[in-house]
A.B. asks: 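Please read through the structure below; I'll follow up with questions.
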Amino acid sequence: MTTPHLQVEDLRVTFDTRGGSVSAVEGISFSVAAGRTLCLVGESGSGKSATALAIMGLLGPNARCRGRILFEGMDLASLTDAQRRPFRGKRLGMIFQEPTASLNPVLTIGQQVREAVQLSRSLSRRSAQLETQELLRAMRFSEPARVAEQYPHELSGGMNQRAMMAIALAGRPSLLIADEPTTALDVTVQAEILSLLRRIQAERRLSILLITHDLGVVAHMADDVAVMYAGQLVESGPASMILDNPRHPYTHGLWRSMPRIDSPDRPIPMAGGLPMRQGWQTGCRFRPRCPHAFEACERDPQILMKEVTVGSACWRNVSSIGAESPSASSPMKENPTDH
Ligand SMILES: Nc1ncnc2c1ncn2[C@@H]1O[C@H](COP(=O)(O)OP(=O)(O)OP(=O)(O)O)[C@@H](O)[C@H]1O
Ligand code: SF4
Ligand SMILES: [Mg+2]
């Protein structure tokens, strides 16, 4: 049994907007085990980034967050912004999808990494400089001194992403959150960044929460997987189980619809889209798109995900989806998931 490094319990995120409140995350629970990678997947708008930002304490002023975020003995959600600041950039690091948008265009790479180093520890300028070089070298820059003098626009997308990784690791975090870190990069560079991430994880015993749209990334990186749909968690468990034998019809459709960096097969798009938030109905939210829906699905299957780390919020046992569709006249009476 692996120890949870980060444990998220019943997390809820709501944004206040001019058009009313937008419920982005609705009571999700999952954990990232020490030294392991949990991939959080789901369609655009399902609430993945809102979840990551809630953990980092980086939601904007129009956001309200409830639930528990247990990390190294603290409930981060119960802390004030000032109390949370020491965790950000130190024990908790984050890298984003668009490195060029996250880096400051008027500062050199060296200045930005050094700033992150100095924010996390009180070091002399000289020591911070040495640490900066060391971090850039660890990010596999062959000429760290030269890169340190360069501006983001002088580097390629992949180099900028490695610089972002140096910044995220400057505080020696124990947990790294990576929100689509390779989506903006071309395939070869994606593979390089992912292998670097794995190497760093092994060297530094990092726990990683990785948000991705790419099934190949999940296959390469994930130890565990959590699948989100319309603000809820619909399936979670070990990667080997969820990749090879998805139980939830959404996971199954998602896998078929996702691109793979390691496969030429064309993705098969899933019919329909996320339901409009205003139109969220009772029962299973995936029902309008689900080829396996039946009467029982009018009841909310989220109950099946309560207090489990391995499970599927579906009233059917869908382990045979793809081979054979279950009969619509035989609704499951009990939790169909094996734990
Ligand atoms: N600052 C905000 N104010 C209002 N609504 C927001 C805000 N941030 C996110 N949302 C809404 O919350 C929902 C979840 O957004 P989120 O960014 O978490 O999705 P996501 O799963 O990360 O999608 P993507 O894969 O496109 O990045 C969306 O409906 C989005 O419009
Ligand atoms: S609960 Fe019903 S509608 Fe929802 S995914 Fe399962 S079979 Fe489909
Ligand atoms: Mg996002």
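Each ligand, and each atom within it, is numbered from 1 in the order the structure gives.
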A.B. asks: Answer with yes or no whether the hydrophobic clustering places F30 together with M74; edges join I, L, V, M, F, W, Y residues whose side-chain heavy atoms lie under 4.5 Å apart.
C.D. replies: yes
A.B. asks: Identify, by atom number and element, the atoms of ligand 2 in contact range of W315, meaning under 4.0 Å from any of its heavy atoms.
C.D. replies: 1 (S), 6 (Fe)
A.B. asks: Would you mind running through ligand 1 and noting each atom that sits below 4.0 Å from a heavy atom of H213?
C.D. replies: 25 (O)
A.B. asks: Do the side chains of K90 and S120 get nearer than 4.5 Å, heavy atoms only?
C.D. replies: yes
A.B. asks: Which atoms of ligand 1 are found less than 4.0 Å from any heavy atom of T17?
C.D. replies: 4 (C)
A.B. asks: Only heavy atoms of E43, strictly under 4.0 Å: list the atoms of ligand 1 that pass.
C.D. replies: 21 (O)
A.B. asks: Look only at the side chain of S102 and the backbone of E98, and say whether a donor-acceptor pair between them is shorter than 3.5 Å.
C.D. replies: yes
A.B. asks: Show me which atoms of ligand 2 lie under 4.0 Å from any heavy atom of H248.
C.D. replies: 5 (S)
A.B. asks: Check for me whether Q97 has a heavy atom closer than 4.0 Å to any atom of ligand 1.
C.D. replies: no
A.B. asks: Could you go through the side-chain hydrogen bond (donor to acceptor under 3.5 Å, both in side chains) check for Y250 and E43 one step at a time?
C.D. replies: CA-CA 10 Å; Y250 176 65; E43 281 165 298; 3.0 Å; yes
A.B. asks: Quick check: does C284 have an N/O/S atom under 2.8 Å of atom 4 (Fe) of ligand 2?
C.D. replies: yes
A.B. asks: Over 60° means perpendicular and under 30° means parallel, so tell me whether F286 and Y229 are parallel, tilted or perpendicular.
C.D. replies: perpendicular
A.B. asks: Please answer: with hydrophobic residues joined when any side-chain heavy atoms are less than 4.5 Å apart, are L70 and L176 in the same cluster?
C.D. replies: no
A.B. asks: Hey, are the side chains of R36 and D224 touching, using non-hydrogen atoms and a 4.5 Å cut-off?
C.D. replies: yes
A.B. asks: Check whether any side-chain heavy atom of I28 lies under 4.5 Å from a side-chain heavy atom of E9, and answer yes or no.
C.D. replies: no
A.B. asks: Go through ligand 2 atom by atom and flag the ones less than 4.0 Å from a non-hydrogen atom of C290.
C.D. replies: 3 (S), 5 (S), 7 (S), 8 (Fe)
A.B. asks: Just jot down the ligand 2 atoms closer than 4.0 angstrom to any heavy atom of H292, in number order.
C.D. replies: 7 (S)
A.B. asks: Only heavy atoms count here, so choose which of A24, A52, S44 is nearest to atom 24 (P) of ligand 1.
C.D. replies: S44
A.B. asks: Do N62 side-chain atoms and D16 backbone N/O form a donor-acceptor pair below 3.5 Å?
C.D. replies: yes
A.B. asks: State the count of protein N/O/S atoms located less than 2.8 Å away from the Mg ion (ligand 3).
C.D. replies: 1
A.B. asks: I need the atoms of ligand 1 closer than 4.0 Å to a non-hydrogen atom of S49, numbered in the order shown.
C.D. replies: 17 (O), 18 (O), 20 (P), 22 (O), 27 (O)
A.B. asks: Can you tell me which residue pairs pass the side-chain hydrogen bond (donor to acceptor under 3.5 Å, both in side chains) test with a partner in residues 155-171, sequence neighbours excluded?
C.D. replies: none
A.B. asks: Identify, by atom number and element, the atoms of ligand 1 in contact range of A50, meaning under 4.0 Å from any of its heavy atoms.
C.D. replies: 18 (O)
A.B. asks: Could you tell me whether the side chain of W255 and the main chain of I242 form a donor-acceptor pair under 3.5 Å?
C.D. replies: yes
A.B. asks: Among residues at least two apart in sequence or on other chains, which ones pass ring-ring contact (aromatic ring centres under 6.0 Å, His included) with H213?
C.D. replies: none
A.B. asks: Can you name the atoms of ligand 1, numbered from 1 with element, that are less than 4.0 Å from a heavy atom of S46?
C.D. replies: 19 (O), 21 (O)
A.B. asks: Would you say ligand 1 has an N or O under 3.5 Å from any N or O of G45?
C.D. replies: yes
A.B. asks: Would you please name every residue forming a ring-ring contact (aromatic ring centres under 6.0 Å, His included) with F96, sequence neighbours left out?
C.D. replies: none
A.B. asks: Pull out every atom of ligand 2 sitting under 4.0 Å from any heavy atom of C297, numbered as shown with elements.
C.D. replies: 1 (S), 2 (Fe), 3 (S), 7 (S)
A.B. asks: Where's the contact between N62 and ligand 1, heavy-atom distance under 4.0 Å: side chain, backbone, both or neither?
C.D. replies: side chain
A.B. asks: Checking side-chain hydrogen bond (donor to acceptor under 3.5 Å, both in side chains) for the pair S312/H248: CA distance, chi angles, key distance, verdict?
C.D. replies: CA-CA 6 Å; S312 153; H248 198 284; 5.2 Å; no
A.B. asks: Check contact between G42 and ligand 1, using heavy atoms of the residue and a distance below 4.0 angstrom.
C.D. replies: no
